[in-house]
Undergrad: 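Input: one structure, supplied below.
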Amino acid sequence: MAITNPDHVNAFTNGGTGGVITQVLPPWHGFGKFILVLVALSCIQNNIVAKVEKAIDQAKQFFDEPLDRKMQIDIHKTANFKGYCALLGENADPENRGDMHEAFNIGPENPNDTGTMRGLNQWPIDLPGFKAPVLDLYNSLVDLGKVIFHLFALALDLPEDFFDDKTKNAAAVMRLLHYPPQTGIVDDRVVGIGAHTDYECFTILWQDEVPALQVLNTANQWIDAKPIPGTLVLNIGDQFARWTNDIFKSTRHRVINRSGVRRYSVPLFFGTDYDVKLEASCFQLQPLTRLLKIMLYLLNSLTIRF
């Protein structure tokens, strides 16, 4: 769904959220899988599109580096899954043989934060122009994510600031992704990224003009999520589905790049603070049978995937 009403755009950029809520949120309830195209947010909020372009320019330089250089900051050299992930180094769908993409992962850049899944990022040594635009984009997407949490709070009939104290040190990880083209004879068990749902509350995604993203609809059919220039895509993740007792449901999706050209994308996976319990009771629903600590959930999920 696109946000195209100028009044809603003005309301949002001036700090308001009520005008947007009635347009974009009701179709989500009970609808199952969905994609929300955030036209107003991506084009205006924090000039994110321009920041993406600068970060992607640096990402292309990094991914063109020799493998041995990229492996100097391999994610397995840290305990927080930050740094470089090589081709086929990840497998989102256990039935597949590996994911045909490479990635660079970052989180908050805070030298004083040494908790589990946090700590410092790893940065390319020989690309001095890389860190600043990539970190700038990360911080802007995190700011946008906090605004989106306000939208969700209002949609759930909660105070607008309900999530503020739960996202002070949020589990927000950004990835720069490169999907090489798959041509010739292709093994269907090796795709850009296998079918999966994301772990966190929601994902803010920028994708280039190369069509490759697909989502599974309620009829169990894969549909193309064709790129729209100047927009972002929002997917619900597992944490939010569990937290709201499936009022909002995870978006199952995959990437298959058969375009013959390279594809680049930038997702920001936004969760809450690592010590927040996922309790559906705060939404006046029946409590979940399990209370999950976000840190343990993410650690287990990432260990299996990588």
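All of these numbers come straight from a predicted model, not from anything done at the bench.
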Undergrad: Can you find a heavy atom in the side chain of I73 that is under 4.5 Å from one in the side chain of P124?
TA: yes
Undergrad: Looking at side-chain heavy atoms only, is the closest gap between Y138 and V142 below 4.5 Å?
TA: yes
Undergrad: Would Q182 and N257 count as a side chain to side chain donor-acceptor pair (under 3.5 Å) if you check the C-alpha gap in whole Å, the side-chain angles of each, and the deciding distance to 0.1 Å?
TA: CA-CA 6 Å; Q182 292 182 261; N257 184 15; over 6 Å; no
Undergrad: With a 4.5 Å heavy-atom cut-off, do H196 and H253 have their side chains touching?
TA: yes
Undergrad: Between W222 and Q214, which heavy-atom pair has the shortest distance, and what is it?
TA: CZ3-O, 3.7 Å
Undergrad: With a 4.5 Å limit on heavy-atom distance, are the side chains of L144 and L232 in contact?
TA: yes
Undergrad: Determine, using ring centers only, whether W123 and F104 are less than 6.0 Å apart.
TA: yes
Undergrad: Quick check for you: to the nearest 0.5 Å, what is the distance between I75 atom CD1 and Q122 atom CD?
TA: 9.5 Å
Undergrad: Would you compute the distance between atom CD1 of I204 and atom CD1 of I48 and round it to the nearest 0.5 angstrom?
TA: 7.0 Å
Undergrad: Can a donor-acceptor pair be found between the side chains of D74 and H76 at a distance below 3.5 Å?
TA: yes
Undergrad: Looking only at the aromatic ring of each residue, does the gap between the centers of F62 and Y84 stay below 6.0 angstrom?
TA: yes
Undergrad: Would you find a donor on one side and an acceptor on the other, under 3.5 Å apart, between the side chain of D224 and the backbone of K226?
TA: no
Undergrad: Counting N and O atoms only, with roles assigned by atom type, does the side chain of D99 sit under 3.5 Å from a partner on the main chain of G194, one being a donor and the other an acceptor?
TA: yes
Undergrad: Check whether any side-chain N or O of N121 sits under 3.5 Å from a backbone N or O of G107 as a donor-acceptor pair, and report yes or no.
TA: yes
Undergrad: Mind checking side-chain hydrogen bond (donor to acceptor under 3.5 Å, both in side chains) for K166 and listing every partner two or more places apart, or none if nothing turns up?
TA: none
Undergrad: Less than 4.5 Å apart, any side-chain heavy atom of R175 and any of I106?
TA: no
Undergrad: Evaluate the side-chain proximity of Y264 to L177: yes if any heavy-atom separation is below 4.5 Å, no if none is.
TA: no
Undergrad: Taking the six-membered ring for Trp and the single ring otherwise, decide whether the centroids of F152 and F163 are under 6.0 Å apart.
TA: no
Undergrad: Show your working on ring pair (Phe, Tyr, Trp, His ring centres under 6.0 Å) between F248 and F240 and close with a plain yes or no.
TA: CA-CA 7 Å; F248 299 101; F240 216 52; 5.6 Å; yes
Undergrad: Is the shortest side-chain N to carboxylate O distance from E102 to K70 below 4.0 Å?
TA: yes
Undergrad: Are any side-chain N or O atoms of D273 and backbone N or O atoms of D275, one a donor and one an acceptor, separated by less than 3.5 Å?
TA: no
Undergrad: Check for me, please, whether F63 and I125 land in the same ILVMFWY cluster - side-chain distances under 4.5 Å, paths through other members count.
TA: no
Undergrad: I want to check something: taking the side chain as every heavy atom from C-beta on, are N235 and F202 in contact at a cut-off of under 4.5 Å?
TA: no
Undergrad: On a heavy-atom basis, which atom in G260 and which in P181 lie closest, and how many Å separate them?
TA: C-CB, 3.4 Å
Undergrad: Hey, is R69 close enough to D64 for a salt bridge, meaning N to O under 4.0 Å?
TA: no
Undergrad: Out of the candidates K51, K131, K54, only one should pair with D136 under the salt bridge (charged side-chain N to carboxylate O under 4.0 Å, His left out) rule; please name it.
TA: K51
Undergrad: Are the side chains of P267 and W206 in contact, using a 4.5 Å heavy-atom criterion?
TA: no
Undergrad: State, to 0.1 Å, how close P133 and Q58 come at their nearest heavy-atom pair, and which atoms those are.
TA: CG-CG, 3.7 Å
Undergrad: Taking K60 for the side chain and H178 for the main chain, is one N or O donor matched with an acceptor at less than 3.5 Å?
TA: no
Undergrad: Between Q239 and G271, what is the shortest heavy-atom contact and its length?
TA: OE1-CA, 3.7 Å
Undergrad: Using modelled atom types only, decide if a donor and an acceptor are shared between the side chain of S259 and the backbone of V261 within a distance under 3.5 Å.
TA: yes
Undergrad: Indicate yes or no for a side-chain donor-acceptor contact from D208 to the backbone of V210 under 3.5 Å, with no hydrogens or angles considered.
TA: yes
Undergrad: For T272 and C201, work out which heavy atoms get closest and say how close.
TA: CG2-SG, 4.0 Å
